[in-house]
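Structure record follows, encoded as structure tokens.
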Amino acid sequence: MLVNTKEILTKAQQEQYAVAAFNVYNLETAQAAIQVSEREGTPVIIALGERYFPTVDVEGFSAMIKAMAEKVKVPVALHLDHAYEKESIIRAIRAGFTSVMYDGSKYNLEENIHFTKEIVEIAHMAGVSVEAEIGSVARGAFSDEEEGDGTLTDPQSAKAFVAETNVDFLAAAIGTVHGMYKGEPKIDLALLEKIRAAVGIPLVLHGGSGTPGDVLEKAIKLGICKVNVNTEVSIAAVSYLEKYADNNQMAHLSTIMAEMQQAMEPVMTKFVRLLSKK
Ligand code: 13P
């Protein structure tokens with residue numbers, strides 16, 4: 001069933017687990033995420049980034065996710081990931097997304113508060129919850145996200161930001177990167193503890209890929225309720241394609257797509273099990 005993202009994350013916060021938000025771009029990524037979650041009995045957030053709007057039919061995609069969600073027992077949410085434009089946010093709300101992320105992380109605190117507040121007012125009128133980011137997540141290897149400058153979240157700014165914007169979830173920059181780490185991950189869990197003490201709403205960790213399992217477990221104990229995962233799933237699918245191409249056979253596209261979905265599922269299962277561990 002399709003549910004509001006806030007419902008999923010409020011429960012996760014109360015019971016101290018996290019929900020995977022898988023970045024999807026097509027039928028196979030969506031099927032893999034929903035089927036894995038149904039098998040594991042865990043809620044799931046299907047996340048489509050604004051950057052895929054030129055290639056994905058947003059309204060068609062939303063209708064497809066709603067139809068898929070109706071067929072499973074686990075709660076499914078549909079989230080707009082990293083949106084920079086008000087028009088994209090309004091489009092996603094009209095299309096039936098259950099939450100949106102406004103990414104004003106490139107602005108200074110005052111500007112970020114100003115723009116985020118406006119988005120929150122619009123989204124809340126439609127019953128849609130809002131995620132926002134302060135600080136900025138840097139980009140590692142193989143990522144398809146924007147290059148952030150890696151500024152970590154200041155707890156006092158986070159407190160003011162949440163109070164002034166009335167945002168529902170906060171993406172905190174604590175040293176994770178979008179994509180795979182180039183070298184040892186340096187994740188500041190002490191900072192996360194301070195952000196948790198300053199802010200009461202569910203916290204979001206961007207850059208799930210490559211983040212060590214023990215760090216994810218500790219971060220969940222310190223208030224992370226949503227973990228975004230993109231690159232590791234993409235790597236699994238692309239590695240399958242590379243091996244396939246090396247074999248130099250001619251198969252039908254339908255077979256390749258189905259096998260690519262199978263290649264993504266173990267990575268998603270790994271994250272779902274790790275994040276839902278109580
Ligand atoms: P990864 O690509 O590191 O998994 O991060 C995804 C993400 O945070 C999307 O918002």
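Here the structure is a predicted model, which is why all the values come from computation and not from measurement.
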Item to check | Val215 vs Lys218 side-chain heavy atoms within contact, under 4.5 Å | outcome: no
Item to check | Donor-acceptor contact present, side-chain Ser99 to main-chain Val130, <3.5 Å | outcome: no
Item to check | Closest approach of Thr98 to Ala77 (non-hydrogen atoms, all atoms of both residues) | outcome: OG1-CB, 3.5 Å
Item to check | Atom CD of Glu217: over 12 foreign heavy atoms under 6.0 Å | outcome: yes
Item to check | Arg139/Glu146 salt bridge by N-O under 4.0 Å criterion | outcome: no
Next on the checklist: Just checking Phe142: does its CZ atom have more than 12 heavy atoms from other residues, nucleotides or ligands closer to it than 6.0 angstrom?
Outcome noted: no
Next on the checklist: Check this for me: does any side-chain nitrogen of one of Lys117 and Glu121 sit under 4.0 Å from a carboxylate oxygen of the other?
Outcome noted: no
Item to check | More than 12 heavy atoms from other groups under 6.0 Å of CD on Glu70 | outcome: yes
Checklist entry - Does Glu85 offer a backbone N or O that forms a donor-acceptor pair with the side chain of Glu50 under 3.5 Å? => result yes
Checklist entry - Is the backbone N or O of Ser209 less than 3.5 Å from a side-chain atom of Thr231, with the two atoms forming a donor-acceptor pair by type? => result no
Checklist entry - Does the pair Leu152 and Asp188 meet the rule for a side chain to side chain contact (heavy atoms under 4.5 Å, CB included), with working shown? => result CA-CA 9 Å; Leu152 300 185; Asp188 194 341; 4.3 Å; yes
Item to check | Aromatic ring pairing Phe271/Phe22, orientation class (parallel under 30°, perpendicular over 60°, tilted between) | outcome: perpendicular
Checklist entry - Got a donor-acceptor contact below 3.5 angstrom from the Glu28 side chain to the Gln262 backbone? => result no
Item to check | From Glu111 atom CD to Lys106 atom NZ, the distance as rounded to the nearest 0.5 Å | outcome: 10.0 Å
Next on the checklist: Any heavy-atom pair between the side chains of Phe169 and Leu9 that's under 4.5 Å?
Outcome noted: yes
Checklist entry - Are Ile195 and Val227 joined in one hydrophobic group, where the rule is that I, L, V, M, F, W and Y side chains link up if heavy atoms are under 4.5 Å apart? => result yes
Checklist entry - How far apart are the C-alpha atoms of His178 and His82, what are their side-chain angles, what is the distance that settles it, and do they pass the side chain to side chain contact (heavy atoms under 4.5 Å, CB included) test? => result CA-CA 12 Å; His178 282 130; His82 290 282; 3.3 Å; yes
Next on the checklist: Show the nearest heavy-atom pair for residues Glu232 and Gly208, with the distance to one decimal.
Outcome noted: OE2-O, 4.5 Å
Checklist entry - Does some side-chain heavy atom of Asn228 sit less than 4.5 Å from a side-chain heavy atom of Leu205? => result no
Checklist entry - Ignoring hydrogens and geometry, is there a side-chain-to-backbone donor-acceptor pair from Thr55 to Tyr52 under 3.5 Å? => result yes
Next on the checklist: Could you check whether any side-chain heavy atom of Ile224 comes within less than 4.5 Å of a side-chain heavy atom of Val204, counting everything from C-beta outward?
Outcome noted: no
Checklist outcome for this item: Rounded to the nearest 0.5 angstrom, the OG1-CD distance for Thr10 and Glu15 is 11.0 Å
Next on the checklist: Just verifying a value: how many Å separate Phe161 CZ and Ile201 CD1, rounded to the nearest 0.5 Å?
Outcome noted: 8.5 Å
Item to check | Euclidean distance, Leu216 CG relative to Lys277 NZ, rounded to 0.5 Å | outcome: 10.5 Å
Checklist entry - Just checking, is any N or O donor in the side chain of Asp144 or Tyr25 under 3.5 Å from an acceptor N or O on the other one? => result no
Checklist entry - How about Ile119 and Phe115: do any of their side-chain heavy atoms sit closer than 4.5 Å? => result no
Next on the checklist: My understanding is that only residues two or more places apart in sequence, or in another chain, count here; which of them pass side-chain hydrogen bond (donor to acceptor under 3.5 Å, both in side chains) with Thr165?
Outcome noted: none
Item to check | Side-chain donor-acceptor pair present, Asn23, Asp81, cut-off under 3.5 Å | outcome: yes
Checklist outcome for this item: For Asn112 and Thr116 the tightest heavy-atom approach is O-OG1, 2.6 Å
Checklist entry - Can a donor-acceptor pair be found between the side chains of Thr5 and His79 at a distance below 3.5 Å? => result no
Next on the checklist: Does any part of the side chain of Lys86, heavy atoms only, come nearer than 4.5 Å to the side chain of Ile122, both counted from C-beta?
Outcome noted: yes
Next on the checklist: Counting only heavy atoms from other residues, nucleotides and ligands, does the tally under 6.0 Å from NZ of Lys270 exceed 12?
Outcome noted: yes
Checklist outcome for this item: Value for CZ (Arg273) from CE (Met268), rounded to nearest 0.5 Å, stands at 14.5 Å
Checklist entry - Distance-only, no hydrogens or angles: does the Thr42 side chain make a donor-acceptor pair with backbone N or O of Glu38 under 3.5 Å? => result no
Next on the checklist: Donor-acceptor pair, distance only, cut-off 3.5 Å: does the side chain of Glu133 make one with the backbone of Leu170?
Outcome noted: no
Checklist entry - Transitively linked via ILVMFWY side-chain contacts under 4.5 Å: Val238 with Met257? => result no
Next on the checklist: Hydrophobic clusters here meaning ILVMFWY residues chained together by side-chain heavy-atom distances under 4.5 Å, can you tell me if Met101 and Val162 are in one?
Outcome noted: no
Checklist entry - Taking atom types as modelled, is there a side-chain donor on Asp168 or His124 under 3.5 Å from an acceptor on the other? => result yes
Checklist entry - Of all heavy-atom pairs between Gly200 and Gln13, which one has the smallest distance, and what is that distance? => result O-NE2, 2.8 Å
Checklist entry - Just by modelled atom types, is the His206 backbone N or O under 3.5 Å from a matching donor or acceptor in the Thr176 side chain? => result yes
Checklist entry - Hey, any chance Val128 and Phe97 share a hydrophobic cluster, counting ILVMFWY side chains that come within less than 4.5 Å of each other, even indirectly? => result yes
Checklist entry - Would you call Glu59 and Arg91 a salt bridge, taking side-chain N to carboxylate O under 4.0 Å as the test? => result yes
Item to check | Gap separating the CD1 atom of Ile256 from the CE atom of Met250, nearest 0.5 angstrom | outcome: 8.0 Å
Checklist entry - Can any side-chain N or O of Asn26 pair as donor or acceptor with the backbone N or O of Thr29 at less than 3.5 Å? => result yes
Item to check | Contact check, side chains of Glu131 and Val100, non-hydrogen atoms, under 4.5 Å | outcome: no
Next on the checklist: What verdict does the side chain to side chain contact (heavy atoms under 4.5 Å, CB included) test give for Asn230 and Glu145, after you've listed the backbone C-alpha separation in whole Å, the side-chain angles of each residue and the deciding distance to 0.1 Å?
Outcome noted: CA-CA 9 Å; Asn230 185 349; Glu145 306 288 345; 3.5 Å; yes
Next on the checklist: Determine whether a donor-acceptor pair (N or O, by modelled atom type, separation under 3.5 Å) exists between the side chain of Ser105 and the backbone of Ile134.
Outcome noted: no
Checklist entry - Should the heavy atoms of other residues, nucleotides or ligands under 6.0 Å from CZ of Arg39 be counted, would the total exceed 12? => result yes
Checklist entry - Under 3.5 Å, is there a donor-acceptor pair linking the side chains of Asn4 and Ser129? => result yes
Next on the checklist: A side-chain contact here means heavy atoms from C-beta on lying under 4.5 Å apart; do Leu222 and Leu189 qualify?
Outcome noted: yes
Checklist entry - Does Val267 share a hydrophobic cluster with Ile45, counting links as ILVMFWY side-chain heavy atoms below 4.5 Å and allowing steps through other members? => result no
Item to check | Candidate pair Ser62 and Leu78, rule side chain to side chain contact (heavy atoms under 4.5 Å, CB included), full reasoning | outcome: CA-CA 8 Å; Ser62 174; Leu78 178 56; 3.6 Å; yes
Item to check | Closest non-hydrogen atom pair between Ala198 and Pro155, with its separation | outcome: CB-O, 3.6 Å
Checklist entry - Is it true that the side chains of Tyr244 and Glu259 contain a donor and an acceptor less than 3.5 Å apart? => result no
Next on the checklist: Which heavy atom of Pro212 sits nearest to which heavy atom of Pro185, and what is that distance?
Outcome noted: CD-CG, 3.9 Å
